[in-house]
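Okay, so here's the structure we're looking at.
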Amino acid sequence: LEITLEVARYRPGVDTEPTLQSYQVPLREHWAILDGLTYVKDHLDGTLSFRWSCRMGICGSCGMTVNGEPQLSCATFLTDYAPGPIRVEPLRNFPVVRDLVVDIDDFMTKLPKVTPWLVREVQSPVEDGEYLQTPEELDEYQQYSMCINCMLCYSACPVYSLEPDFLGPAAIALAQRYNLDSRDEGADERRDVLSSPEGIWACTFVGECSAVCPKGVDPAGAIQRYKLTAATESIKELLMPRSRSRR
Ligand code: FES
């Protein structure tokens, strides 16, 4: 039994536009789209380009558009699309480097702007031991720490497709991952970039980012939560100019 993969092929600067190329691959139980593409590469056409690394939904490198939806190709199965055909294209909203490989430099440039690490104003001496947290404190941010930077949320985001300067779902969710961490003291540092016109206020709460996230992160929820924080802080500053809450 076989299934047809219709795969986007494109070499910028050489081809005038992307074209779809059809390949017949074995329709095997437990074969992911990535297994089908690997079969093509190994047995049918070694020129096909795509990214992958872990094959288990952890590294975030195998994002593609499968039948119009952003998916991790290692976690999306051929049998779910039988009898086919299955259209496999690069993630939308990113420049194509070649075939299914996209350029995510835009995200890599934006991410450091939200200071995506723990900020401590004063480091405790090592002999004082770990910064302990309660399970409740862990629950506050754990969901956002599951992000694997796969870019499915940017590919699904209608705002990012129209406003490329938008900071974007994953970067804002990762900012909240640290803002909501009881060990962090960097909320003020992240505030200006998050509250800028390209930050949370650009989001129109369509929610597609959360719908496509393969790790159950809720970037749309993170953005709405920070909107509430920012609005509350603005009101407090109007009333008490020196007051500023952390989250
Ligand atoms: Fe790592 Fe798919 S290959 S997430």
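We count ligands from 1, going down the list as the structure has it; atoms in each ligand are counted the same way.
Among the atoms of C150, none of the N, O or S atoms falls under 2.8 Å from atom 2 (Fe) of ligand 1. Taking backbone and side chain together, C62 holds no N, O or S atom under 2.8 Å from atom 1 (Fe) of ligand 1. Coordination check, C59 versus atom 1 (Fe) of ligand 1: passed, since an N/O/S atom of the residue sits under 2.8 Å.
For the pair R120 and Y131, the cation-pi test (distance below 6.0 Å, angle within 45°) is passed.
Counting heavy atoms under 4.0 Å from ligand 1, residue S53 touches it through the backbone alone. Counting heavy atoms closer than 4.0 Å to ligand 1, residue I58 contributes backbone atoms (N, CA, C, O) but none from C-beta onward.
Taking every heavy atom of C74 and a limit of under 4.0 angstrom, the matching atoms of ligand 1 come to 2 (Fe), 3 (S), 4 (S). Proximity to C54 (heavy-atom distance under 4.0 Å) selects the following atoms of ligand 1: 1 (Fe), 3 (S), 4 (S). Taking every non-hydrogen atom of G57 and a distance limit under 4.0 Å, the qualifying atoms of ligand 1 come out as 4 (S).
Ion pairing between R9 and D45 holds under the 4.0 Å rule for side-chain N and carboxylate O.
Here the CG-CD distance, from N67 to E89, works out to 8.5 Å after rounding to the nearest 0.5 Å. Distance check, rounded to the nearest 0.5 Å: CD of E137 to CG of L180 gives 11.5 Å.
V114 has its side chain out of reach of Y178: every pair of non-hydrogen atoms, C-beta onward, lies at least 4.5 Å apart.
M108 and F166 fall within a single hydrophobic cluster, where Ile, Leu, Val, Met, Phe, Trp and Tyr are joined by side-chain heavy atoms under 4.5 Å apart, directly or via other members.
The shortest contact between atom 3 (S) of ligand 1 and any protein heavy atom is with R55 N, 3.1 Å. Of the protein's non-hydrogen atoms, G60 N, 3.2 Å is the one closest to atom 4 (S) of ligand 1.
Between Y39 and W31, the ring planes lie tilted relative to each other; the angle falls in the 30° to 60° range.
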